[in-house]
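Below is one structure; the comments refer to it alone.
Order of the sequence lines sets the chain letters (A, B, ...), proteins ahead of strands, with each chain counted from 1.
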2 protein chains.
Amino acid sequence: MAMNVHEIPAEADEVLALRLRALAHPARLAIVRALAQTGRCQCGQIVRGLTLAQSTVSQHLKVLKEAGLITGTIEGPRSCYCLDRATVQALADEVLPLLARLAAPAAEAEASETDAPGNPDPRAGALA
Amino acid sequence: MAMNVHEIPAEADEVLALRLRALAHPARLAIVRALAQTGRCQCGQIVRGLTLAQSTVSQHLKVLKEAGLITGTIEGPRSCYCLDRATVQALADEVLPLLARLAAPAAEAEASETDAPGNPDPRAGALA
DNA sequence: ATCGTTTATCGTCGATTGACGATGATTTCA
DNA sequence: TGAAATCATCGTCAATCGACGATAAACGAT
């Protein structure tokens with residue numbers, strides 16, 4: 001334990017939560033799926049594909065960008081968005097084991113590890 | 001409560017978003033992880049593990065329950081919460097392929113398709 | 001029957017979200 | 001140079017979230 005102040009464990013959960021929250025909206029799901037298909041997309045194409053105002057779509061793109069899931073580069077008068085595959089992969093590498101553990105029968109007392117991370121601490125506390 | 005009819009495509013994304021949003025909070029991540037370890041937990045144990053008020057924890061449990069990720073049964077004067085492994089598995093079965101596609105190089109035009117894989121349609125529109 | 005424990009719900013409050021229109025910046029095209 | 005197009009940002013508004021304390025409901029134990 002003795003975890004030093006270097007890595008705040010709680011911080012990891014906040015990043016994870018941030019990314020999950022970014023995906024947790026129908027419009028943003030549609031956006032990332034569209035980007036997965038086309039590879040790259042201009043903002044306008046996305047706007048035309050949805051029934052949302054341009055400014056609203058821009059906001060959603062901002063949320064996804066702040067979560068690190070996509071990158072946006074300015075190309076002339078338009079913006080080209082692209083999935084950040086590395087971040088998506090990192091998210092997958094974190095979510096998969098998590099869901100696997102949640103779906104597993106019941107870890108029960110594991111000899112190894114665990115929890116030690118011990119400090120899930122959502123807001124500050126820790127699940128003893 | 002209105003559970004749905006049968007298959008509205010947009011509805012599927014809303015359920016997915018609902019479940020992702022349920023997981024997208026540090027406190028709720030801590031709760032489901034705790035449940036994964038212990039198998040079942042009374043509300044009080046969870047409350048003591050976190051630094052949140054009892055009513056707040058109860059709210060988080062409600063969110064998770066409404067998302068179908070956990071089940072709560074009343075046992076005497078206390079409530080026993082348990083992960084709904086089936087729902088978690090279903091979520092995994094939906095999220096994993098999604099993340100895999102997002103992290104993939106770029107599907108590009110598969111056969112013909114106009115991308116119509118369906119109707120992403122977030123709020124109503126559709127990505128043409 | 002009453003008390004104490006446990007949990008859900010209610011009401012409130014501040015902060016955030018999601019939507020929109022309007023505006024402004026930037027670049028291309030005529 | 002001017003007009004049109006594209007996109008981000010700002011301000012606003014209603015709705016939701018997240019937290020809390022207080023209260024009520026259900027049950028076991030006295």
Side-chain angles (χ1 to χ4, degrees), chain A residues 10 13-14 17-32 34-35 38 40-67 69-82 120-125, chain B residues 1 10 13-14 17-32 34-35 40-67 69-82 120-125:
Chain A
D13 267 8
E14 299 204 10
L18 174 72
R19 295 191 174 148
L20 288 177
R21 203 169 45 234
L23 286 179
H25 190 289
R28 294 193 290 264
L29 281 174
I31 290 173
V32 294
L35 286 177
T38 65
R40 52 209 338 270
C41 249
Q42 298 173 12
C43 179
Q45 298 177 327
I46 299 173
V47 170
R48 277 186 291 279
L50 308 180
T51 49
L52 293 171
Q54 177 267 326
S55 58
T56 302
V57 173
S58 201
Q59 286 279 53
H60 283 306
L61 289 168
K62 186 179 183 182
V63 170
L64 289 169
K65 192 162 59 177
E66 285 176 350
L69 297 175
I70 66 175
T71 60
T73 59
I74 301 176
E75 282 187 7
R78 50 206 95 195
S79 289
C80 187
Y81 285 95
C82 203
D121 165 274
R123 200 102 215 105
Chain B
M1 332 226 227
D13 267 9
E14 299 203 10
L18 174 72
R19 295 191 174 148
L20 288 177
R21 200 168 47 233
L23 285 179
H25 190 289
R28 293 194 288 264
L29 280 174
I31 290 173
V32 295
L35 285 177
R40 53 213 336 273
C41 248
Q42 296 173 13
C43 177
Q45 299 176 328
I46 299 173
V47 171
R48 278 184 292 277
L50 307 179
T51 50
L52 294 170
Q54 177 267 324
S55 58
T56 302
V57 173
S58 201
Q59 287 278 52
H60 284 307
L61 289 168
K62 187 178 181 181
V63 171
L64 289 170
K65 193 162 57 175
E66 285 177 349
L69 296 175
I70 67 175
T71 60
T73 58
I74 301 176
E75 283 188 6
R78 52 206 92 194
S79 290
C80 186
Y81 284 95
C82 201
D121 165 271
R123 198 99 216 105

Between protein and nucleic acid, restricted to nucleotides 13-17 of chain C and to nitrogen or oxygen atoms under 3.5 Å apart, what atom pairs and distances do you find?
none

(Q) Does D:dC17 have its OP1 or OP2 closer than 4.0 Å to a side-chain nitrogen or oxygen of B:His60? (A)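 Checking D:dC17 against B:His60, no side-chain N or O comes under 4.0 Å of OP1 or OP2.
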Q. Do you know which of B:Val57, B:Leu23, B:Val63 makes side-chain contact (heavy atoms from CB on, under 4.5 Å) with B:Arg28?
A.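 The passing option is B:Val63.
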Q | Ion pair check, B:Glu75 and B:Arg40, cut-off under 4.0 Å | A |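 Judged by the 4.0 Å cut-off on N to carboxylate O distance, B:Glu75 and B:Arg40 do form a salt bridge.
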Q: Supply the atom-to-atom distance B:Leu64 CG to B:Arg19 CZ, rounded to the nearest 0.5 angstrom.
A: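 Reported to 0.5 Å precision, the distance equals 12.0 Å.
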Q.
What's the separation between atom NE2 in A:His60 and atom CG in A:Leu52, rounded to the nearest 0.5 Å?
A.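 Here the interatomic distance stands at 5.5 Å.
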Residues forming a side-chain contact (heavy atoms from CB on, under 4.5 Å) with [X], sequence neighbours excluded:
X: A:Gln42; value: A:Gln45, A:Arg78
X: A:Ser58; value: A:Gln54
X: B:Thr71; value: B:Cys82, B:Asp84
X: B:Cys43; value: B:Val47, B:Leu61, B:Tyr81

Expressed in angstrom and rounded to an integer, what is the separation of [X] atom [atom1] from [N] atom [atom2]?
X: A:Leu64; N: C:dG18; atom1: CG; atom2: P; answer: 11 Å
X: B:Leu23; N: D:dG18; atom1: CG; atom2: P; answer: 12 Å
X: A:Glu66; N: C:dG18; atom1: CD; atom2: C1'; answer: 14 Å

Protein N or O to nucleotides 2-9 of chain D N or O, pairs below 3.5 Å:
residue, atom, partner, partner atom, Å
D:dC7, OP1, A:Cys43, N, 3.3
D:dC7, OP2, A:Gly44, N, 2.7
D:dC7, O3', A:Ser79, OG, 3.0
D:dA8, OP1, A:Ser79, OG, 3.4
D:dA8, OP1, A:Tyr81, OH, 2.2
D:dA8, OP2, A:Ser58, OG, 2.7
D:dA8, N7, A:Gln54, NE2, 2.9
D:dA8, N6, A:Gln54, OE1, 3.1

